Amino acid sequence: MQPRILLVNPPIYDFTAYDFWLKPFGMLTAAACLRRSADLTLFDYLDRNNPYGTDNAESTADKWGRGHFQAKKIDKPKQFASIHRNYRRFGAERSIFQSFIKKNIPFDHVLVQTSMTYWYPGVMEVIEDIRSFLPGASVVLGGTYVGLCPEHAKTLGADILIPDSDTTFLESLVPESGKNYQSPLWELYEKLDVGVIKLTRGCPYHCTYCGVHLLNSGGFKARPLTECIKDLQILLDKGVTDIAFYDDALLYQPDKTLIPFLEYVIAGDIKVNFHTPNALHVRFITPEIANIMVRGGFKTFYLGFESKSGDFHSKTGSKVVSRDLVTAAENLINAGADKKNITTYQIIGHPNSDLQQLEESMRFANSLGLKVMLADFSPIPSTPDGDYCKKYTDLDEPLNHNKTAFPIIHLGTEKVNHFKSLCKKLNRSL
Ligand code: SF4
């Protein structure tokens, strides 16, 4: 008999959370090697399609498949006593998971996806329930939190911890598991409107605030086109309408990846909306790239800009300068992209905020007719900027990496509120 394995995407404990094309992509990809050799079941607390028969009505999605999670206000951990924002638990009710386990018992192993380091309370909740209702099952944790905070993750009581993309352990769970490439386990969703794809791994840059290189020790790699097309096909067969690219450097070496992929999409007249929630490198948005992206079905464009200050960028990784943004915006608009779907990300709460000229940077993007979205800074341990923040907060406690809390601790509530209202005002002016 095949081993029975439960995959769990935990609830989120945070001040804010929004379904910005969020899927447990790492877990669905890593566990795909078990597809033919194990009996797999998924419980995704964050699936807004309401698959577990909750009494909450299905939440509405916007035209590109994003939407609000079900949420409940809860008490704040003591670390956030000075943060005057509501703290919530997002996702399906705990009792729904408990009933689900009782109904589907037994399981031999439970794989739990982890994401943001400061979301670990949701992982703890899941482990507690597994220990109570599935005492014989082994608990395996994988993902970003495990990769960035391995020592803290050990305290949660799981049996095995695996870093982000290491499938060796999973393969060893079921020795006859397939060795050939397997696409992510999208079939575990009964209904799926939104999917995720990745054409590349890693990023060639080393921005001082970013943890991507800590999780991708192999550096940048283009994935084989045949695998990417297989991944796309699985999503299309499921009927998804919107696909988010989770690449960290989607536009790097496009001849090997993005261009042939989109040529395939265009030649096959495939109609699906593509989105780029991870920031695009604006300096790579040439007329050719802008053109093929628009023709291939990209609908929303999120551009990594962070600041118009050259000093800020030379200190943090030099990924962009202001004129790159002007050119990228022109190229996208000339290619036919809808200006109102082009958004620039700008960091708020970065320890070098004195160099960043945030207000001028926001006004600059707005002067180009582009939307601004503030990307709250989270101090990631073992990055240069994260380590610098040790003078403000204790990074050994992952709650202190929280992206709502840190900018408030660093800049103060008043300043943060000022930038947030300015952001709304500028976007309303477009
Ligand atoms: S370019 Fe983006 S993904 Fe790459 S290191 Fe910088 S912030 Fe991270």
Side-chain angles (χ1 to χ4, degrees), residues 20-22 25-26 115-117 143-145 147-148 163-165 196-223 244-254 256-258 275-286 289 293 298 300-325 327-328 342-353 355-356 358 361 365 372-389 401 403 406-407:
F20 203 63
W21 304 295
L22 273 191
F25 182 66
S115 310
M116 299 298 176
T117 55
T144 304
Y145 159 68
L148 292 176
D164 219 14
S165 53
V196 170
I197 202 163
K198 250 180 132 171
L199 306 186
T200 62
R201 290 203 180 91
C203 176
Y205 288 91
H206 279 83
C207 298
T208 53
Y209 45 82
C210 178
V212 162
H213 60 284
L214 300 172
L215 299 165
N216 294 278
S217 48
F220 176 85
K221 269 197 199 106
R223 294 187 52 222
F245 284 80
Y246 272 14
D247 299 70
D248 298 303
L250 179 65
L251 304 186
Y252 192 67
Q253 299 184 349
K256 290 188 187 159
T257 53
L258 186 65
H275 307 282
T276 60
N278 286 0
L280 293 171
H281 291 92
V282 296
R283 70 170 49 146
F284 297 131
I285 305 180
T286 60
I289 291 294
M293 287 179 87
F298 278 81
T300 62
F301 301 84
Y302 290 86
L303 313 183
F305 181 54
E306 322 309 351
S307 167
K308 78 187 275 279
S309 155
D311 285 350
F312 177 84
H313 284 294
S314 57
K315 265 206 132 169
T316 57
S318 300
K319 75 173 180 185
V320 62
V321 291
S322 300
R323 71 174 173 281
D324 295 333
L325 183 66
T327 312
I342 307 175
T343 305
T344 61
Y345 285 133
Q346 310 202 4
I347 293 186
I348 177 169
H350 186 276
N352 284 337
S353 49
L355 284 182
Q356 191 193 357
L358 180 55
S361 306
V372 173
M373 188 182 274
L374 292 174
D376 303 85
F377 176 78
S378 160
I380 300 172
S382 303
T383 60
D385 293 353
D387 286 344
Y388 178 79
C389 292
H401 312 163
K403 73 175 178 51
F406 187 80

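Just so we're clear, the structure is a prediction, and the values are computed from it rather than from any experiment. Order of appearance sets the numbers: ligands from 1, and atoms from 1 within every ligand.
Looking at residues two or more places apart in sequence or on another chain, you find no ring pair (Phe, Tyr, Trp, His ring centres under 6.0 Å) involving Y388. Every residue meeting the side-chain hydrogen bond (donor to acceptor under 3.5 Å, both in side chains) condition with T200, not counting sequence neighbours, appears here in chain and number order: D247.
Taking every heavy atom of C207 and a limit of under 4.0 angstrom, the matching atoms of ligand 1 come to 1 (S), 5 (S), 6 (Fe), 7 (S). Heavy-atom proximity to D248, at under 4.0 Å, picks out these atoms of ligand 1: 3 (S). The contact set between ligand 1 and H281, taken as ligand atoms under 4.0 Å from a residue heavy atom, comprises 1 (S).
Atom 6 (Fe) of ligand 1 has no N, O or S atom of C203 closer than 2.8 Å.
Ring planes of H350 and F377: perpendicular class, angle over 60° (limits at 30 and 60°). In this structure, Y252 and F220 have perpendicular ring planes: the angle between them is above 60°, well past the 30° mark.
Of the options P204, G202, C210, A279, the smallest heavy-atom separation from atom 8 (Fe) of ligand 1 is shown by C210.
In this structure, H213 falls outside the shell of residues with a heavy atom less than 4.0 angstrom from ligand 1.
The ring of F305 has its center no closer than 6.0 angstrom to the ring center of Y345.
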